[in-house]
Structure formats: structure tokens, C-alpha cells
Amino acid sequence: MLPPILAAVGIFLLTSNMPREYESKTIVFTNPSSNQGATDGGVVRMDFYTSNNLFDNLTLLVKSRQTVEEASLRLMAQHLSLSGPEESIISRGPYSELKSHFSERMWEDLAVPGDEKETYANVKNHYLSFEDSPIEYLLREHDHYAISKIIERLYVSRKSSSDMMEIAYRTNDPGICYHTLRLVTDAFTSRYSDMKEMENINSITYFQNQLVIAQNKLRAAEENLKSFMTQNRILNYYEQGKYLDIAKLEHEQDEERSKRLLSGTEANLNEIENMFENFEKRQVIIQRIGTLQDRIVSKNMEIQGLAAQNAGSPRIDMLEEEIENLKNQIDEASSELFQNSNTQNGLQRETILEEWLRLKILFEEQKQALDVMQNRKLYLSEKIEEFAPLGAELKKLEREVSVNEEQYLSILHGLNMAYLKKYDLEMSSSQRLIDEPFFPKTPLPSKRALLTLGGGMATGFIMFSLVLLTFFLDNTIKSGPNAEKMTGLKVAGAWLDENRIENTVDQHKLAQKEIIQFHNNLNKYLPKTGKKIILFYSLKPAEGKTYLIKKLVQDLEKQNREVMYWGMKEDTGKMPCASMAYPDLTSIQGNFEQYWSNKISQTEEEFILWELPNISEAPLNYSLINQANALVMVLDAERKWNQADLHLLNNLKEMVEVPHLIWLNKMKSDELEDIIGEIPKKRSFIRSKVKKLLS
């Protein structure tokens with residue numbers, strides 16, 4: 001508890017003369033997330049990351065070196081232009097301190113009383129002209145003008161998720177605080193407006209250059225389309241293609257119809273021509289009839305001649321018979337001629353001839369028309385084959401014109417938006433002060449109490465952390481469970497470190513409670529009758545073997561038990577009982593067993609408490625050790641347990657066959673309670689109740 005208290009008192013005393021700080025704030029409407037985008041022709045779509053990025057840019061612009069440098073030079077010029085300190089601008093102390101950095105001649109050269117602009121021009125010119133001037137030193141090291149210190153005290157934050165940005169500044173002079181914030185805000189808004197205007201001018205120049213390029217590309221594409229349509233005599237490709245498709249379809253239909261008519265006419269004509277197959281036979285019959293008629297006439301004239309001559313009748317009868325025979329032939333020929341002059345349908349051959357002539361003419365006309373159609377079809381096919389590939393090229397040229405036209409219109413729209421943005425920036429600024437910087441009349445609350453409390457708590461936390469760290473890194477034995485875990489042996493008893501006993505502890509009751517618990521745990525391993533041999537040892541010297549054995553001897557003496565102590569010669573005089581000393585440490589390993597047996601048989605005491613010498617100084621006789629009823633290791637709870645101890649104990653445990661126990665010494669009170677229970681001591685009523693509740 002002491003280090004936190006000392007730290008708090010020290011901080012309180014050290015901060016007694018801590019200067020008070022003043023703070024001024026302003027809120028700027030930045031309008032980034034609702035900004036009009038000249039490059040995309042519309043409102044910019046804002047997401048979380050874009051908005052944060054914009055505000056990060058604004059924050060960096062506020063805290064940029066150039067912005068703060070301009071504000072610092074203007075602040076210095078304002079102070080130099082004063083004829084004396086003014087509380088609303090700069091107090092007396094800072095004014096005198098500023099004046100100490102300039103010689104009177106330099107002050108007169110730079111300062112133009114009452115004119116901040118002229119003074120600022122002189123200060124800036126001097127700063128740019130001389131590298132090691134006092135102005136450069138002030139901008140680098142001074143508490144009020146140093147750029148790094150102004151940036152350190154400048155706080156920029158976004159108000160929630162709005163377009164408002166809060167800028168705050170703190171320093172130890174109210175006038176300097178107010179005017180520094182005002183000048184930083186002015187420099188920021190001026191630089192931001194200049195940047196936006198420069199971006200807009202660049203956008204206009206870009207769009208103008210791109211507009212000329214797009215216009216030339218559009219005109220070239222339109223000229224290519226015009227030349228292509230003129231060269232291929234295209235008025236309207238889609239209408240002309242549609243017309244060719246319709247003309248081809250109609251022509252195919254007409255051709256099919258003409259073929260059907262021609263086929264019908266040809267069939268009729270063939271049928272009529274079949275009727276004209278017997279025309280030559282008819283002419284032969286007619287000629288034969290004529291020949292027969294001529295013969296009849298000749299026969300009649302001969303009969304008439306014979307009749308005139310009164311010739312004999314046999315010749316006439318013969319001629320008449322021939323004439324009759326010829327007439328019969330004529331009748332047969334006439335019948336045959338009649339059959340050849342009429343069709344089976346009873347039509348006249350003349351009618352059929354006329355019909356044949358008509359069909360013949362019609363057939364020739366249809367045949368000629370079909371030939372014309374074939375030529376027309378070939379013409380249409382050639383036109384379609386010639387016209388079809390033009391569509392892809394025409395579509396390509398039209399698409400090129402369309403793309404260039406859209407690009408041209410988009411660039412033209414962007415240019416118009418850039419001009420509108422330019423006029424908007426000229427008419428109004430995108431940054432507006434919502435809350436003007438205010439003059440801080442009262443200082444900020446002192447941080448003295450907070451620093452004192454924080455320093456005390458921080459020191460306390462460090463101390464508590466060190467305690468915990470020490471606890472977790474502590475490899476001392478400390479407690480009974482820890483001892484059992486490290487050694488693998490049972491803890492039979494424990495003894496409080498009497499050098500740390502509180503005054504309220506009843507030592508007599510505590511010692512009685514401790515020795516009774518050890519005695520009770522030890523009795524489980526001792527025989528009920530006969531001699532009880534208990535062997536004590538420790539892994540390291542000065543762990544309290546002799547002291548604890550003396551406490552056990554005193555308790556046994558109170559019980560009227562006979563006790564014999566066997567140990568080192570220098571320890572035998574400390575015991576309030578019969579005792580024996582080792583004759584020689586080196587003899588323990590040799591014939592000491594016989595010596596031991598003789599001594600045991602000669603003694604009449606019930607309890608034989610045997611303290612082994614330091615095992616690092618004397619060799620161990622394991623057969624002699626195993627003759628004891630119990631082996632007790634006295635262990636200092638405050639010492640560290642290391643690997644060497646564990647190795648030595650493991651070797652010992654391998655050879656020991658008797659019960660092996662631990663008696664812890666120099667225990668802390670809180671650790672001792674876990675073994676023997678509540679420590680007897682005087683407690684107030686409240687403490688007793690609280691302990692009862694907690695336990």
C-alpha cells in the first residue's frame with residue numbers, strides 16, 4: 001500500500017504549479033458525403049469506407065504542415081503588428097517572451113503596426129529568405145508557434161456519422177488559443193476550396209480535350225457509315241432486305257403456280273395431240289375414196305358407152321357388179337373416215353384442232369414465262385447473296401457510331417456538370433462554419449486530481465501485478481498441498497514461523513495445536529507397544545530439525561513419556577531429555593548397525609528420536625534407516641524447491657521401506673490455517689463474524 005500512496009503524494013506536489021489550459025472549438029460543415037461528382041455526372045454513392053476515407057483526408061488536411069505553418073505565420077504577424085499586449089489576442093507574458101526573440105531593428109523591419117496583411121507579407125518573405133532566422137526557430141521550438149506543438153494540441157473529430165467536423169485547440173493563453181484555431185480553420189477552408197477548384201479546372205480541361213477526341217471519332221465513324229451505304233446503294237438495309245425476302249418468297253410462289261399451270265397445259269396438249277395420231281390415215285382414206293369414186297365414174301362412163309353402142313349385157317353386168325363392189329368399198333372407207341373424223345367423245349376434229357392450237361399457244365407462253373421466272377429467281381438469289389454480308393459490316397459501323405455518340409454525349413454531360421460545379425464553387429464554398437471559434441474565458445478543469453488518482457492507481461496496479469507475478473513465479477514450497485505435490489510425500493504436521501507471529505496470536509495454544517496434530521498423524525505409523533524409533537532428516541542444513549525435535553520432546557515429557565534423543569554432539573545439550581551423540585560420522589556407514597542395535601537394546605526409553613546429520617555431509621545407511629518406525633523429513637516452507645532436491649529425494653525414496661512423512665517448518669499464518677485450521681488469536685466481534693461468513 002505504501003508505494004501508491006507515495007506516488008500519489010509525489011504527483012500532487014509536483015503538479016502544484018501546473019499551468020491551466022484553455023480550449024476553443026469550432027464545427028465545420030464539410031459536405032463530403034453529399035458532394036456532387038463532376039466525373040460521374042451525379043451524386044457520389046457513399047459507403048462506410050468511402051465516407052471514412054474522405055474524413056481522414058480532411059483530418060490530414062487540417063493537420064498538414066502547410067496549413068499549420070500558414071496559420072502560425074499569420075498568428076505571429078498578428079502579434080507583431082500589435083503595439084502592446086492585448087488580453088483578447090495575447091497576454092503580457094507571452095508577448096514579452098515573443099519580443100525577446102527579435103532585435104529591435106528586426107521587429108521594426110517586420111512589424112507594420114495595425115496592418116496584419118503587410119506584417120504577414122514581411123514575415124513570410126523573411127522566413128523564406130533566411131534559413132536560420134528567429135522565425136524559423138519559433139516555428140520549430142516555440143510553445144505557441146511551433147508547427148509540431150500546434151499539431152499536437154489540435155484535435156479533429158467527426159461528429160457522429162454526420163458531415164460535421166469538430167476542430168478543437170488547447171493552449172495556456174486564451175487569446176492565442178482562440179486566434180490560433182480561427183487561423184487554422186481559415187487556412188484549412190481556403191486550401192480545401194483551392195484544391196476543389198483546381199480539381200474542377202482539371203476536370204473541365206480533361207473533358208474539353210476528351211470532347212474534341214470523341215467528336216473527331218464520331219465524325220469519322222459517321223463518314224465511314226455514309227461511304228459504306230453510298231457505295232453499296234443502301235437506303236434502308238432492313239427495309240431492302242425485307243423487300244428481297246418478300247420478293248423471293250412471292251417469286252417462289254408464282255414459280256410454283258406457273259409450274260403447276262404449265263404441267264396442266266402440257267398434259268391437256270399431250271392428250272389432244274394423241275387424238276391427232278390418225279390424221280394421215282384419214283388423208284389416205286380420203287384419197288382412196290377419191291380413187292374409188294374415179295373408178296366408179298370410169299365404169300359408169302364405160303357402161304354408158306356400151307349402152308350407146310348397144311353392146312352386150314355381160315360386159316355391162318360385169319361393170320355394174322364392179323361398180324357395186326366399188327360403192328361397197330366407198331361405204332366401208334366412208335365409215336372408216338367417219339370414225340377417224342370424230343373422237344370417242346363425239347367431238348369434231350375441227351373443234352379439237354382449234355383447242356389444240358389454243359393450248360399450244362398457251363403452253364409456249366407459260367414456258368416462256370417460266371424461263372423469265374427462272375432468270376428472275378437467279379437475279380434475286382444473286383442480289384440476296386450480295387446484300388446479306390453487308391448487314392454485319394453495316395451493324396458494326398452503326399455500333400461504332402452509337403458507341404462514339406454515347407461517349408461523346410457522356411463527355412459532353414460531364415463537361416456540363418463540371419461547368420455547373422465550377423459555378424457552384426464560385427457562388428458558395430462547400431465548407432461552412434456552423435459554430436464559430438469562441439474565446440475561452442475559463443480554463444479547462446485541472447487534471448491535478450486525475451493525475452494524482454491515476455498515478456496512485458497505476459502504482460498500486462503495478463505493485464499488485466508484481467505481487468501476483470511474484471506469487472505465480474514463486475517456486476518456494478509455501479503450503480502443504482504444494483509440498484505434497486512437489487515431493488510426493490504426505491504432510492504430517494506444520495509449524496508457524498515464530499519470527500513472524502502477530503502479537504494477537506496465542507502462541508501457547510498454537511504450539512500445542514501444532515504438536516498435537518503432528519503427534520496424531522505420526523501415531524498412525526508407530527507400534528502400540530515397544531520402542532518407537534522416529535528418524536528425522538532434512539535435505540539442506542538449517543531447516544529446523546533440532547528445533548522441532550525439541551518441541552516434540554517437550555510435548556512427550558509433558559505426557560510423562562520416556563524419550564531418548566540421538567544426534568550431533570553440539571545438539572544433545574539442547575534437549576530436555578536423555579541424549580546420545582554420534583561417536584563418529586564416518587562410522588555410520590561401517591559397523592554402526594551393531595553399535596546402534598546394542599545402544600537400542602540397552603536403553604529403556606519408549607521414544608527414540610534420531611536426528612540424522614546433514615545428508616550432504618555424511619553418507620546414508622539405508623539398512624539402518626529402514627530399522628526406524630517412521631522417517632520424517634523436516635522441510636523449510638520458505639525455501640525454494642529445485643531439481644537437485646527432487647533428484648536426491650527420489651533416490652532416497654527408492655531405498656526407504658518405512659513410512660515417509662513431511663514436517664513443514666517456518667509456515668506463514670494463512671498457509672498454516674489450511675493444515676491445522678483456525679489460528680487461535682484475539683479477534684474483535686466484527687472480525688469474528690466476517691471470518692465466519694467468509695469461511
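Here the structure is a predicted model, which means the values were calculated and not measured.
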What side-chain donor-acceptor pairs closer than 3.5 Å can you find for residues 647-664, not counting sequence neighbours?
| from | atom 1 | to | atom 2 | distance (Å) |
| --- | --- | --- | --- | --- |
| His647 | NE2 | Asn651 | ND2 | 3.3 |
| Asn650 | ND2 | Leu646 | O | 3.1 |
| Asn651 | ND2 | His647 | O | 3.3 |
| Lys653 | NZ | Thr487 | O | 2.9 |
| His660 | NE2 | Tyr537 | OH | 2.6 |

Is there a side-chain contact between [X] and [Y] in this structure, where contact means two heavy atoms from C-beta onward sitting under 4.5 Å apart?
X: Met633; Y: Leu539; answer: yes
X: Lys524; Y: Asn521; answer: yes
X: Thr459; Y: Leu6; answer: no
X: Lys558; Y: Gln512; answer: no
X: Glu611; Y: Met568; answer: no
X: Met667; Y: Asp497; answer: no
X: Asp636; Y: Lys666; answer: yes
X: Ile549; Y: Tyr565; answer: yes

What do you reckon, is [atom1] of [X] surrounded by more than 12 foreign heavy atoms closer than 6.0 Å?
X: Glu141; atom1: CD; result: yes
X: Gln643; atom1: CD; result: no
X: Glu570; atom1: CD; result: yes
X: Lys531; atom1: NZ; result: yes
X: Gln559; atom1: CD; result: yes
X: Lys551; atom1: NZ; result: yes
X: Arg65; atom1: CZ; result: no

[atom1]-[atom2] distance between [X] and [Y], expressed to the nearest 0.5 angstrom:
X: Phe461; Y: Leu468; atom1: CZ; atom2: CG; value: 8.5 Å
X: Ser72; Y: Arg140; atom1: OG; atom2: CZ; value: 13.0 Å
X: Cys177; Y: Arg182; atom1: SG; atom2: CZ; value: 12.5 Å
X: Ile151; Y: Glu69; atom1: CD1; atom2: CD; value: 10.0 Å
X: Ser479; Y: Glu673; atom1: OG; atom2: CD; value: 13.5 Å
X: Leu522; Y: Gln517; atom1: CG; atom2: CD; value: 12.0 Å

Nearest non-hydrogen partners of [X] and [Y], listed with the distance:
X: His101; Y: Pro134; answer: O-CB, 3.5 Å
X: Leu496; Y: Ile501; answer: CD2-CG1, 3.5 Å
X: Pro440; Y: Pro174; answer: O-CB, 3.1 Å
X: Leu181; Y: Pro437; answer: CD2-CB, 3.9 Å
X: Val28; Y: Ile167; answer: CG2-CD1, 4.1 Å
X: Phe438; Y: Glu23; answer: CE1-O, 3.5 Å

Report task. Decide yes or no on side-chain contact (heavy atoms from CB on, under 4.5 Å) for Leu635 and Ser538, but give the supporting numbers first. Result -> CA-CA 6 Å; Leu635 194 60; Ser538 61; over 6 Å; no
Would you find a donor on one side and an acceptor on the other, under 3.5 Å apart, between the side chain of [X] and the backbone of [Y]?
X: Glu543; Y: Lys540; result: yes
X: Asn626; Y: Tyr622; result: yes
X: Glu638; Y: Asn665; result: no
X: Ser64; Y: Leu61; result: yes
X: Thr572; Y: Lys569; result: yes
X: Thr189; Y: Thr185; result: yes
X: Asp571; Y: Gly567; result: no

Query raised in the report: Lys640 and Asp645: side-chain contact (heavy atoms from CB on, under 4.5 Å), yes or no, with the steps?
Result: CA-CA 9 Å; Lys640 295 182 179 181; Asp645 296 329; over 6 Å; no
Query raised in the report: Do the rings of Phe607 and His519 sit parallel, tilted or perpendicular, given the 30° and 60° boundaries?
Result: perpendicular
Closer than 4.0 angstrom, basic N to acidic O: yes or no for [X] and [Y]?
X: Glu166; Y: Lys159; result: yes
X: Glu557; Y: Arg561; result: no
X: Lys532; Y: Glu606; result: yes

Report summary line: Residues pairing under side chain to side chain donor-acceptor pair (under 3.5 Å) where one sits in residues 142-151, two or more places apart or in two chains, turn out to be His79-Tyr145, Glu97-His142, Asp143-Arg153, His144-Asn172
**Report entry** Worked check of side-chain contact (heavy atoms from CB on, under 4.5 Å) between Thr67 and Val62
**Finding:** CA-CA 6 Å; Thr67 302; Val62 173; 5.7 Å; no
Query raised in the report: Is it true that the side chains of Glu498 and Tyr547 contain a donor and an acceptor less than 3.5 Å apart?
Result: yes
Query - Verdict with reasoning, Phe518 to Leu552, per side-chain contact (heavy atoms from CB on, under 4.5 Å) - result: CA-CA 9 Å; Phe518 175 72; Leu552 180 59; 3.9 Å; yes
Query raised in the report: Do Arg170's NZ or CZ and the ring of Tyr155 fall within the cation-pi criteria of under 6.0 Å and 45°?
Result: yes
Query - Face-on cation placement of Lys545 at Phe536 ring, 6.0 Å and 45° thresholds - result: no
**Report entry** side-chain contact (heavy atoms from CB on, under 4.5 Å) partner of Ile533, the single match among Leu631, Asn629, Leu609
**Finding:** Asn629
